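For ligands, and for the atoms within them, numbers begin at 1 and follow the listed sequence. Given the structure is predicted, the values throughout are model-derived calculations rather than measurements.
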Amino acid sequence: MVPPKNTSSVHDTASLDSTTDASGLIDAGERGFVSTLKNLWPYMWPQSRPDLKRKVFYAFLCMVFAKTTTVFVPYVYKLATDKLVGEAPVSSLESSLPLLVFTPLILVVTYNLMRVLTVGLNQLRDGFFASVGQHAVRQLSNIVFAHLHQLSLRFHLERRTGGLSRVIERGTKGINSIVRFSILSGVPTLFEFLLIAIMIWYWFNLTYVLVIVVMVVAYVFFTVRTSNWRIGIRRELNRNDTDAHSKVVDSLLNFETVKYFGNEKHEADRFGKAIAKYEKAAILNWTSLTWLNFGQSVIMALGLGTCMAMSAKSVESGEQSIGDFVMINALLVQLFIPLNFIGFLYREIRQGFADVEEMFRLLNVTPEVQDASEAVPIVVGPGQIQFENVSFHYTPDRKILKNISFEIPAGKTVAVVGPSGAGKSTLSRLLFRFYDVTDGKILIDGQDIRSVTQDSLRSKIGMVPQDTVLFNDTIAYNIGYGCPSSSQQQIEVAAEMAQISGFIQKLPAGFETEVGERGLKLSGGEKQRVAIARTLLKAPPILILDEATSALDTQTENEIQAALDEVSKNRTTLIIAHRLSTVVNADRILVLDDGRIVEQGTHSELVQQKGLYAEMWGRQQELSEAERQLREVQAKEKMRLQSAKNS
Ligand code: ATP
């Protein structure tokens, strides 16, 4: 199902902060209410599912029968009472009713049967509607989840993941409330009120109806006013809830960092402050609820008291029977139930709408990077890459790449080196089209990457990222992720090529070992080799290695380097590196500094140029030499200690 269009779509670079939108929703008011209802309607009345529409109809029938039965229950009660006290019916119509021939016992049984029937019909109604509600929840959850993956990297970097998942959670719950309470309860309540009003008018008189109408209007007015006030409180509560939840997620994701800095107390304080705000809002939420409940009870008592007093007077003067007195009480008490429900309904529906609206706002965020309308799948032949006068900034006030041009000939390896923050990884993000270039263009085999579909583009590029994050699943799952249809044998071959199968075989659970949240149970080097294995499985014609061997020791690095050289053979490869030793064999090396290419050539050419590269190379050589000397000293010291121990 296609997500419904909303007139107010938001671009994903625009602000949609889950911590600020609560106040925005208050401003949205009724306009938001109507547009949310319009957005939601296709899910409540699904065009492509006649079976569900039929169930909605059955549910509606159950509702009508249940409510009609409900309003006649007090009447049977009145008849039983009149029979017991031996009073004659007051109106001529009543005397002709067949129920009058029944004994009090039969009337009592009828009364109870009708009550059971009401409950049964209500349950049947809920049963019919359950599948409609759940279908809406499933459809929307799927769409929102898929949509989140369509949104740009920028959007996700700016949002808190915990906050986003909360919006979806509350949104889907909100749909349930709306579907259940608006269709199942809102309409039935109005219907019941109408039936009761007609009955009271018929059996009593217009004064009673007027008293009841005044009571209902006062009740609804008070409920709506108070509920509106409470919605603001509830939003504050939601905002604080989201904030506290995000802090927990963020803190636990950074579990190791917290330990490195011994900041457990700081984290607890931060969470404590957030939860204290939540507590304050929660208390206000409860106290406002008690105020609402009390106010409602007072209004009801006034209405009920007035009607009962009027009826008592009429019984005394002989205008009404005792059964009538009992009936007005029973009818009004019965009316209180749906009336009481009106407050609840209003609160739930408003709350549901607020939550669902928040979710639709998310759904209406349009992805920053989109396929052009005439986009076609990319055709990658030899795999030549060209950056032509590319400029780029994340935010306009800070240019990252400044008019960069270079080419990676098909099947060749080009390495980009340079100081930290020079914009090296940005090149790979642009090639992957996480962002669009601000100026210039990137071509693959002559095709501008903005003119092809993102799916096809990304399917042709393999990426071994700087910081590998794994799924909280098994090693086999994470390697197989590169090509979900691959067999166990293919996974094992890829692991072998990435030099990780030796490690996996030593694990008790082998390929079925769980890697933990974000892959934290594996070392940096192991994670990187898993990332290499899954890229091998993807077998793309173009490869990006972003500091791919940064987390490995020298020996493993050499082994992996050999594997990577093998993989990148005949593949167009872009290496982004800090350690110059990993790129000496590249066909061409670009030196990036402050967003510009300042030098380029082969390793030996660049060393001879005696520029920035030669300087970096010299520094790294010195560093490696110092490391080597340190290791030698350590080895000698170890041997000395060993021999001292032996002697
Ligand atoms: P390193 O070698 O340290 O990884 P790099 O050369 O790969 O650095 P990039 O990751 O390309 O650097 O980042 C270039 C600059 O862009 C950095 O100064 C960084 O702070 C900035 N930057 C990166 N991502 C974003 C972003 N999403 N929003 C704003 N600025 C960003």
Peer 1: Looking at Lys412, I'd like to know if its NZ atom is crowded, meaning that more than 12 non-hydrogen atoms belonging to other residues, nucleotides or ligands lie closer than 6.0 Å.
Peer 2: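 Result for NZ/Lys412: open.
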Peer 1: Could you tell me whether Asp241 and Arg166 have a side-chain N and a carboxylate O separated by less than 4.0 Å?
Peer 2: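 Yes.
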Peer 1: For atom 4 (O) of ligand 1, what's the nearest protein heavy-atom neighbour? Residue, atom name and distance, please.
Peer 2: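 I find the closest protein heavy atom is Gln466 NE2, 3.1 Å.
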Peer 1: Just by distance, with hydrogens left out, do Gln499 and Arg529 show a side-chain donor and acceptor under 3.5 Å apart?
Peer 2: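 No.
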Peer 1: Which residue owns the protein heavy atom closest to atom 31 (C) of ligand 1, what's the atom, and how far is it?
Peer 2: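 Closest protein heavy atom to atom 31 (C) of ligand 1: Tyr394 CD1, 3.2 Å.
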Peer 1: Relative to the heavy atoms of Tyr435, which atoms of ligand 1 are at a distance of less than 4.0 Å?
Peer 2: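 Close to Tyr435: 27 (N).
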Peer 1: Which residue and non-hydrogen atom of the protein lie closest to atom 17 (C) of ligand 1, and at what distance in Å?
Peer 2: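 Answer, as residue, atom name and distance: Arg398 NH2, 3.7 Å.
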Peer 1: Tell me whether Glu615 is salt-bridged to Arg619, with the criterion being a basic N under 4.0 Å from an acidic carboxylate O.
Peer 2: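 Arg619 and Glu615: salt-bridged.
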Peer 1: What atoms of ligand 1 come within less than 4.0 Å of a heavy atom belonging to Ala422?
Peer 2: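 Counting from 1, the qualifying ligand atoms are 6 (O).
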Peer 1: Starting from atom 2 (O) of ligand 1, which protein heavy atom do you reach first, and at what distance in Å?
Peer 2: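 Minimum-distance protein heavy atom for atom 2 (O) of ligand 1 reads Lys424 NZ, 2.8 Å.
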Peer 1: Among Gly423, Ser420, Gly595, Pro419, which residue places a heavy atom closest to atom 3 (O) of ligand 1?
Peer 2: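 Going through Gly423, Ser420, Gly595, Pro419 one by one, Ser420 has the nearest heavy atom to atom 3 (O) of ligand 1.
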Peer 1: Give the numbers and elements of all ligand 1 atoms closer than 4.0 Å to a heavy atom of Arg429.
Peer 2: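 Selected atoms, number and element: 10 (O), 23 (C), 24 (N).
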Peer 1: Name the closest protein heavy atom to atom 8 (O) of ligand 1, giving the residue it belongs to and the distance to 0.1 Å.
Peer 2: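 For atom 8 (O) of ligand 1, the nearest protein heavy atom is Gly421 N, 2.9 Å.
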Peer 1: Got a salt bridge between Lys273 and Asp269, using NZ or NE/NH1/NH2 to carboxylate O under 4.0 Å?
Peer 2: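 Judged by the 4.0 Å cut-off on N to carboxylate O distance, Lys273 and Asp269 do not form a salt bridge.
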Peer 1: Determine, for Asp436 against Arg433, whether the closest basic-nitrogen to carboxylate-oxygen distance falls under 4.0 angstrom.
Peer 2: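 A salt bridge links Asp436 with Arg433.
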Peer 1: Should Ile400 be listed as contacting ligand 1, given a heavy-atom distance under 4.0 Å as the test?
Peer 2: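 The answer is yes: ligand 1 sits under 4.0 Å from a heavy atom of Ile400.
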Peer 1: Please check if any side-chain donor atom of Thr426 sits under 3.5 Å from a side-chain acceptor atom of Tyr394, or the reverse.
Peer 2: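 Their side chains do contain a donor-acceptor pair, which is all the 3.5 Å distance test asks for.
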Peer 1: Any idea which part of Thr426 is under 4.0 Å from ligand 1, heavy-atom wise: side chain, backbone, both or neither?
Peer 2: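 Thr426 to ligand 1: contacts from backbone and side chain alike.
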Peer 1: Would you call Arg239 and Glu236 a salt bridge, taking side-chain N to carboxylate O under 4.0 Å as the test?
Peer 2: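 A salt bridge is present here (some side-chain N lies under 4.0 Å from a carboxylate O).
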